[in-house]
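Every chain is numbered from 1 and lettered A, B, ... according to where its sequence line falls, protein lines coming before strand lines.
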Protein chains: 2
Amino acid sequence: MAAPKPTRTRRKMQRVTIMDVAARAELSPSTVSLYFRKPDAVSAAASESIARAIEALDYVPNLMAGGLAAASSRVVSIIVPSVRNAFFAETVAALQEDLGKQRLQVMLSHTEYKEHDEESLVRTALSWAPAAVVLTGLSHSSATRRLLRDSKVPVVEIWELGSQTMDMAVGFHHDQVGQTAASHLVQRGRKRLLFLGARLHEDRRAARRAQGFVETARNAPDVTADIIQHPAPASAEVGAMLLGEAVHRFPNVNGIACSNDHIALGVIFECQRLGIAIPERLSVVGFGDLSFSAACNPSLTTIRPPGDLIGKEAARLIIARISHANGEPQQAVIDTRFTLLHRQSS
Amino acid sequence: MAAPKPTRTRRKMQRVTIMDVAARAELSPSTVSLYFRKPDAVSAAASESIARAIEALDYVPNLMAGGLAAASSRVVSIIVPSVRNAFFAETVAALQEDLGKQRLQVMLSHTEYKEHDEESLVRTALSWAPAAVVLTGLSHSSATRRLLRDSKVPVVEIWELGSQTMDMAVGFHHDQVGQTAASHLVQRGRKRLLFLGARLHEDRRAARRAQGFVETARNAPDVTADIIQHPAPASAEVGAMLLGEAVHRFPNVNGIACSNDHIALGVIFECQRLGIAIPERLSVVGFGDLSFSAACNPSLTTIRPPGDLIGKEAARLIIARISHANGEPQQAVIDTRFTLLHRQSS
DNA sequence: GTCCAGAATAATAGCGCTATTATGTAGCCG
DNA sequence: CGGCTACATAATAGCGCTATTATTCTGGAC
């Protein structure tokens with residue numbers, strides 16, 4: 001057989017490559033590559049002419065080629081239930097800010113509270129050989145766990161703490177949130193307590209808050225506590241609706257904790273309409289400290305989860321793990337805690 | 001010189017590759033690749049055994065290798081000012097949902113309203129040979145424009161419409177928002193109008209709303225209009241503060257439009273405290289229709305921007321462009337409009 | 001049976017970069 | 001002034017996949 005004809009029409013990209021930069025700088029591609037990865041290892045003169053060449057050619061590196069060659073990328077894959085939720089938006093924003101400073105890119109996915117989807121999202125995430133994966137909460141399918149374990153990618157679970165973490169975790173205990181709300185109401189002399197929750201069947205963390213709430217409340221003398229819930233996502237409308245149901249079913253209710261501040265705001269508005277005095281006749285505690293919570297009238301007593309801090313700490317752990325790729329893989333669990341903000345509504 | 005020793009210790013990844021799948025399925029790697037890219041071109045029998053091999057080996061494709069070889073990735077890079085802002089969070093969520101259905105990944109970046117950062121974010125985005133880039137607003141540096149033009153990547157500008165779009169655009173005219181608010185207040189018989197805005201120097205779109213507002217208002221007979229602003233990000237606190245300033249400087253003010261609903265909520269709360277009757281003595285119009293706007297008391301008249309629709313339409317354009325890579329590159333501009341929701345506050 | 005179009009599968013040559021090894025070049029000691 | 005570090009730069013061989021071309025395998029038409 002004759003030598004294979006070189007007719008292969010390989011779509012020669014006219015992209016500017018590292019070779020073009022090297023040629024223009026009169027150096028080898030290796031040196032240019034080194035310039036990007038370990039700037040200190042190249043001489044000042046070389047750096048100078050490489051920088052000039054990059055500028056002149058308007059060179060944009062191909063991170064896929066780099067990632068392939070290095071068998072790892074500077075992508076951090078974040079999987080949250082939804083960025084529509086201000087809590088996660090806050091954390092994602094904080095993560096992105098701090099990771100961005102280290103030239104780490106955020107790839108974002110939503111499960112929309114469908115835990116079932118998480119596995120395929122994780123699978124796709126791993127297709128990018130990410131530098132780390134961030135997951136929300138602690139409940140993941142066993143296949144998800146296996147995938148992540150086998151991949152050896154650093155994993156951070158956020159927004160929830162519990163007994164079993166996969167690798168690293170940053171968050172707080174949601175049952176403690178419920179306990180704190182209950183204790184607060186009991187301290188204010190409230191005996192007939194309710195927890196008003198939205199979507200508790202899907203939002204496990206809210207469910208844990210509810211559970212912590214009733215358990216603690218019921219341990220107090222002469223205190224009764226119940227949960228009223230609604231299947232729709234949290235909103236002020238749902239809160240108003242839930243309050244209506246609450247006063248109907250438990251006319252002597254005098255202490256309410258809500259699964260979040262949207263619900264609590266609805267409760268306040270509805271109480272205004274119904275002429276129920278807050279906090280005289282009814283104390284209300286929210287969760288979230290959303291934008292309106294300090295400003296509304298009466299201002300809302302609420303528990304503030306440190307969404308921003310969670311993002312910052314998660315970013316810190318990831319960065320530490322990446323740079324200290326050697327050393328002991330220190331399993332880190334950070335309890336960020338939360339804060340009860342006592343305002344007028346209780 | 002002797003033949004080069006093959007001592008090169010190439011970090012042989014023990015990752016499962018397409019070759020492993022092919023070997024197990026007793027087919028060639030090409031066929032397996034085809035199975036992923038054009039499933040219809042592979043026979044049923046082959047598909048079957050490939051699927052079995054993937055399952056057995058727990059194969060996770062390497063999208064970086066694929067992207068490199070194909071000179072394009074299934075990443076859509078989205079650059080927004082901030083996901084902390086519910087508007088953009090909504091759009092990002094919608095985009096991610098619809099893009100996800102087409103196996104397009106979202107890579108997210110924030111400018112934090114620093115337009116100056118956008119260029120480097122775009123540069124990084126292009127390093128991933130994205131399938132499309134989504135930018136917020138219409139004002140971009142010339143270098144950014146050049147980078148994007150040269151890359152030939154589809155670009156969608158969202159949340160703002162104007163005269164000059166780079167490629168595709170989905171949004172609405174913010175000056176029209178201001179006009180609508182002004183017309184509404186004038187129609188309600190209000191003569192002494194104010195626009196209360198936060199961070200107008202950084203938020204160009206809010207500034208355009210303010211501008212549209214005063215221009216339209218001043219064209220009405222006997223109507224006066226002014227802008228009062230605050231440099232901090234929008235919040236109910238800032239709104240309360242701005243209302244204080246408003247009644248101090250313009251005691252006869254009877255119509256107020258706010259740069260967004262956070263501000264408007266603060267106005268309502270502060271009016272309650274000051275005993276200013278809404279809407280009898282003062283009409284208030286917001287922007288955003290946030291979660292609390294329909295529920296608060298009085299409920300807030302506001303202008304609803306279709307954040308969700310913007311995301312959906314942007315996703316649709318991107319998907320259409322990608323699949324119709326051939327055909328005419330139809331420059332698309334979609335005006336999503338917005339809705340005035342007349343409620344109790346006006 | 002032969003031949004041929006069309007379908008299915010395989011072989012091949014990179015995509016643009018990094019990690020590793022190899023080579024050159026100063027600087028310093030005895 | 002040989003020899004020996006350190007430092008700076010270059011050569012090389014893939015990373016795992018896709019696009020292209022080449023080959024084989026059908027099943028009819030004749």
Side-chain angles (χ1 to χ4, degrees), chain A residues 1-23 25-50 57 59-74 126-129, chain B residues 1-23 25-50 57 59-74 126-129:
Chain A
M1 207 190 301
K5 293 175 296 179
T7 36
R8 278 301 156 72
T9 321
R10 188 65 186 174
R11 78 249 103 137
K12 187 68 181 175
M13 301 282 75
Q14 53 248 49
R15 198 188 228 278
V16 176
T17 74
I18 204 170
M19 315 244 306
D20 300 316
V21 174
E26 297 181 303
L27 287 161
S28 74
S30 310
T31 307
V32 178
S33 175
L34 207 59
Y35 167 84
F36 283 114
R37 294 174 293 117
K38 294 172 184 169
D40 295 339
V42 304
S43 69
S47 290
E48 174 76 6
S49 69
I50 291 172
L57 297 172
Y59 170 65
V60 176
N62 184 328
L63 258 24
M64 292 194 295
L68 176 61
S72 83
S73 70
R74 295 191 72 81
L126 292 178
S127 297
W128 290 97
Chain B
M1 207 190 299
K5 293 174 296 178
T7 35
R8 277 303 156 72
T9 323
R10 189 64 184 174
R11 77 248 105 139
K12 187 67 179 176
M13 301 283 73
Q14 54 249 48
R15 199 187 227 277
V16 177
T17 74
I18 205 171
M19 316 245 307
D20 300 316
V21 174
E26 297 182 303
L27 288 162
S28 74
S30 310
T31 308
V32 178
S33 174
L34 206 59
Y35 167 84
F36 283 113
R37 292 174 294 117
K38 295 174 182 166
D40 296 339
V42 178
S43 71
S47 290
E48 174 76 4
S49 71
I50 291 171
L57 297 173
Y59 170 65
V60 176
N62 184 329
L63 258 26
M64 292 194 295
L68 176 61
S72 83
S73 70
R74 296 192 70 81
L126 291 177
S127 297
W128 290 97

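Relative orientation of the A:Phe36 and A:Tyr59 rings is tilted, given thresholds of 30° and 60° on the angle between their planes.
Rounding to whole angstrom units, CD1 of residue B:Ile50 and P of C:dA10 are separated by 9 Å. Summarising the geometry, the separation between CZ on B:Phe36 and P on D:dT18 is reported as 8 Å, rounded to the nearest angstrom. Whole-Å rounding puts the B:Leu34 CG to D:dT18 C1' distance at 10 Å. Taking atom CG of residue B:Leu68 and atom P of nucleotide D:dT18, one finds them 11 Å apart after rounding to whole Å. Protein atom NZ of A:Lys38 is 14 Å distant from nucleotide atom C1' of D:dA8, rounded to whole Å. D:dC17 atom P lies 16 Å from atom CG of B:Leu27, rounded to whole Å. If you take CD of B:Glu48 and P of C:dT9, they are 13 Å apart, rounded to a whole angstrom. Regarding B:Asn62, its CG atom lies at a distance of 12 Å from the P atom of D:dC15, rounded to whole Å.
In this structure, the side chains of A:Ser73 and A:Leu63 stay at 4.5 Å or more apart for every pair of heavy atoms.
Which of D:dT9, D:dC17, D:dG14 sits closest to the side chain of B:Ala65 comes down to D:dC17. When distances are taken from the side chain of B:Ala46 to each of C:dC17, C:dC15, C:dT9, the shortest belongs to C:dT9. Between D:dT9, D:dG16, C:dA10, one nucleotide has an atom nearer to the side chain of B:Thr31 than all others, and that is C:dA10. The side chain of A:Ser43 lies closest to D:dA8, out of D:dA8, D:dC15, D:dC17. Closest to the side chain of B:Ser28, out of D:dT9, C:dA10, D:dC15, is C:dA10.
Here the closest heavy-atom approach between residue B:Ala65 and residue A:Leu68 is recorded as CB-CD1, 3.6 Å. Listed here is the closest heavy atom pair of B:Leu126 and A:Arg15: O-NH2, 3.6 Å.
Here A:Pro29 lies out of heavy-atom contact (under 4.0 Å) with every strand. Using a 4.0 Å heavy-atom criterion, one finds that B:Ser30 contacts the bases of the nucleic acid, with or without backbone contacts as well. Across all strands, A:Leu63 comes closer than 4.0 Å to no nucleic acid atom at all (heavy-atom distances).
Atom OG in B:Ser28 sits 9.0 Å away from atom CG in B:Leu34 (nearest 0.5 Å).
When the side-chain nitrogen and oxygen atoms of A:Arg37 are compared with OP1 and OP2 of C:dC17, none of them lie within a distance under 4.0 Å. Of the side-chain N and O atoms in A:Tyr35, none sit less than 4.0 angstrom from OP1 or OP2 of D:dA10.
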